[in-house]
Protein chains: 2
Amino acid sequence: MRPPTIRDVAERAGVSKSLVSLVLRGSEQVRPEKREAVLAAVEELGYRPNAAARSLSERRTRTVGVLLHDMRNPWFVELLDGLNSRLHDNGLRMLLADGHLNRRLGEDLTRTFTELRVDGLIAVGTLPPSEALRAAAAQVPTVVAGAREPTLPHVDVVAGDDQLGARLATEHLIALGHRRIGHIAGDGVVGALRRHSFETVMREHGLLDLTAVERGDLTEEGGYRATVRLLSAPERPTAVLAFNDMSCVGALSAAEELGLRVPRDLSLVGYDNTYVSRLRHLWLTTVDNASHDVGRRAAQCLLDRIADPARPAQVVLTTPTLEIRGTTSPPAGR
Amino acid sequence: MRPPTIRDVAERAGVSKSLVSLVLRGSEQVRPEKREAVLAAVEELGYRPNAAARSLSERRTRTVGVLLHDMRNPWFVELLDGLNSRLHDNGLRMLLADGHLNRRLGEDLTRTFTELRVDGLIAVGTLPPSEALRAAAAQVPTVVAGAREPTLPHVDVVAGDDQLGARLATEHLIALGHRRIGHIAGDGVVGALRRHSFETVMREHGLLDLTAVERGDLTEEGGYRATVRLLSAPERPTAVLAFNDMSCVGALSAAEELGLRVPRDLSLVGYDNTYVSRLRHLWLTTVDNASHDVGRRAAQCLLDRIADPARPAQVVLTTPTLEIRGTTSPPAGR
DNA sequence: GACCAGTTTTGGACCGTTCCAGAACGTACG
DNA sequence: CGTACGTTCTGGAACGGTCCAAAACTGGTC
């Protein structure tokens, strides 16, 4: 009652197992009638190759491991889509693992992936710094997608251009006439880049004095709290640039709770163009990182790196665009 | 430069490969000093067992495949969390695959999983009917989680009790004083159950005449359109029970667009208690299916079925609760 | 009919584990 | 001292594929 093996197929088709293997891998060197016979036998027996046996012998798995930070934050869905399509085109399958789900269990996902001997590793989003990832990256081709860290030798980074994105958003607000603008800052290098770019643009317009920054934590709750702090200043901002869509939703709630109408009394800009921002009821103006493209390019980087593991590490940045929706308008006074 | 094998470890520790295998699998029958030697060698070489070789030999993979319908709809996150924790406790790893991502590529995920020879399969949510899944379920222990179909021989089903959930929601609205109540209906058996239960409760209260049902499609967009239709009736409902949180958000937008305040002019109830419903700005009253529990129980079912594949198919229903938040109140007239 | 050059086909080694039967080594007992 | 019995350790046969060198077929030429 075991699943049929290549030998069963061979016997049924009246050929050797080697010939079956040849047919299955699409060799040209096989006479049509034998090919037919083999394929017929495969069909009749419902044969499926055993991936474990194959990868043991081939010494590769045609599988790449994808490390997610947290499925609860939906910004990566598009990225994954791009990743998957490009990998699939090259005969690679994708295995997902959620770091957040597993960290609680104290399990190290890179360990699972190394035991699986994945052909490549993609770290999606800013992961907590981990010695294990560093070690894994030294063994197996690795690409960081949608984040800027960690920077490791031979590890490519593919992400949206955060400096440009934050600039687009800030200039949009300034062009609308806002002068006193707040920022909800995020973590890590990405957080620092967006914040820094925001401040740079404000300085360029001589508005640095009117700038306020509060730290959020990427969640709605964090955005809510940061906004409450921003809005409780004596001179409150008329616009807020949030680190991401989730904290922007938090900002929306804070505004509402304080009796401010968005965008009349307070303009808000999110970041990531997640489906949450696209919910009609929220309809956030937000920065689109071209995540699908980030995914595709990350896949390409990985493919290139698998082909030549020693090539120098690259940093690929995609060009973000501003998606203007319902949460920005000129300030009330104008 | 290849990764070290069990033989390398054996040589380094001055023992046979069999002894290494014994130590690694935690046998008691090994003298402490040898054990130490082996573990030291493992450490020094950075040895990691090769999962492919192991599963080829053991004829099992300690891996279960999880088929997701669509990552964009976030209701399953908690479920996955429960699933993962229980599976992990039993030494099984979980591989995710998103059907939506892959269907576009025309790839059949059950195929990937059968080639991988996963020890079990979990279908999460209502998947499009598929001959492949039926065939796979005949080969490998399978459990449906968070959905009611397909019903196949030897396939367990674990889900929230949709009848009870819809009843709780409907009775809540009636208790608040609503009489004219609309419903946004969903697809599949789950959709039918919720709708039917809604209608039953309405009938019990003699309100069947005041009932209106419009079909949605699980998305925000579908919920929006269905609500527009519901609200354009001459006598419009004062409350709407949505099939899920996503369509409830759509309903929220529709209400807003038509100038109705929620909950003053229109009460709304969602379903699934997703994080979207928990966003402070939306704060939907919704039915909680105890998804974490569904996940844990589904995992348990799968474990039981792996132990005894021939046992009769079970249907396990969890008890939902109503999560009352900001989108329900007595109707304006009261 | 022998020989040659291609084209097809095949047997067997190998990939890195597990697992089993039996070997080697005590230790206790008659 | 020989034997029996535990305990600990080992060699080798799987597991189900790939791949290579060589064997077995072709058909054509002299």
Side-chain angles (χ1 to χ4, degrees), chain A residues 1-39 41-42 45-63 91 93 112 114-119 139, chain B residues 1-39 41-42 45-63 91 93 112 114-119 139:
Chain A
M1 262 313 302
R2 290 191 203 159
T5 74
I6 200 172
R7 280 162 232 267
D8 298 326
V9 174
E11 193 177 346
R12 176 126 188 170
V15 299
S16 73
K17 63 174 179 29
S18 304
L19 221 219
V20 176
S21 173
L22 240 28
V23 170
L24 261 30
R25 279 171 302 128
S27 164
E28 296 296 308
Q29 309 263 71
V30 174
R31 260 188 302 181
E33 66 244 48
K34 298 263 181 179
R35 183 194 309 282
E36 300 302 312
V38 169
L39 293 178
V42 165
L45 295 175
Y47 168 78
R48 291 277 165 259
N50 180 321
R54 185 194 297 245
S55 60
L56 184 57
S57 175
E58 275 191 316
R59 341 224 10 273
R60 60 176 186 151
T61 51
R62 295 170 189 280
T63 295
R93 64 170 74 91
T112 301
T114 33
E115 295 194 357
L116 250 24
R117 301 286 195 270
V118 292
D119 294 343
Q139 305 284 326
Chain B
M1 262 314 301
R2 291 194 203 156
T5 75
I6 200 171
R7 278 167 235 267
D8 299 325
V9 174
E11 191 177 346
R12 176 124 188 171
V15 299
S16 73
K17 60 170 183 33
S18 304
L19 219 219
V20 177
S21 175
L22 240 29
V23 170
L24 260 31
R25 279 171 301 127
S27 163
E28 295 296 308
Q29 309 266 69
V30 172
R31 258 188 304 177
E33 66 242 49
K34 298 261 180 181
R35 181 193 311 281
E36 300 302 313
V38 168
L39 293 178
V42 164
L45 296 175
Y47 168 78
R48 292 278 164 256
N50 180 322
R54 183 194 297 245
S55 60
L56 183 57
S57 177
E58 275 189 320
R59 337 217 17 270
R60 62 181 188 145
T61 52
R62 295 170 189 277
T63 294
R93 63 171 73 92
T112 300
T114 30
E115 296 194 356
L116 250 25
R117 300 285 195 274
V118 292
D119 294 343
Q139 305 284 328

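Lettering of chains follows the sequences in order, A, B, ..., and the numbering in each one begins at 1. As the structure is a prediction and not an experimental result, all values here were calculated from the model.
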Can you find a donor-acceptor pair, distance only, under 3.5 Å between [X] side chain and [N] base?
X       : N      : value
B:Thr5  : C:dG16 : no
B:Arg7  : C:dT17 : yes
A:Ser18 : C:dG11 : yes

Of all the choices, [options], which nucleotide is nearest to the side chain of [X] once you look at every atom?
X       : options                : value
A:Arg31 : C:dT8, C:dT10, D:dT18  : C:dT8
B:Lys34 : D:dC9, C:dT17, C:dG16  : D:dC9
B:Lys17 : C:dC19, C:dT9, D:dT18  : C:dC19
B:Ile6  : C:dT17, C:dG16, D:dT10 : C:dT17
B:Arg54 : D:dG17, C:dT17, C:dG16 : C:dT17

Expressed as a whole number of angstroms, how long is the span from A:Gln29:CD to C:dG6:C1'? 10 Å
Rounded to the Å, how far apart are A:Arg2 CZ and D:dC15 C1'? 8 Å
Non-hydrogen side-chain atoms of B:Arg48 and A:Gln139 separated by less than 4.5 Å: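 No - every pair of side-chain heavy atoms lies 4.5 Å or more apart.
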What I'd like to find out is whether the side chain of B:Tyr47 reaches to under 4.5 Å of the side chain of B:Leu24, using heavy atoms alone. yes
Start with the C-alpha distance between A:Arg59 and A:Arg117, add both sets of side-chain angles, then the distance that settles side chain to side chain contact (heavy atoms under 4.5 Å, CB included), and finish with yes or no. CA-CA 9 Å; A:Arg59 341 224 10 273; A:Arg117 301 286 195 270; over 6 Å; no
Please compare A:Pro3 and A:Arg25 by the position of their nearest nucleotide in DNA chain D and report the one closer to 5'.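 Of the two residues, A:Pro3 wins.
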Nearest heavy atom decides the nucleotide; on that basis, is A:Asn50 or B:Glu28 closer to the 5' end of DNA chain D? B:Glu28
Per side-chain contact (heavy atoms from CB on, under 4.5 Å), B:Val23 is matched among B:Val9, B:Val15, B:Val30 by B:Val30
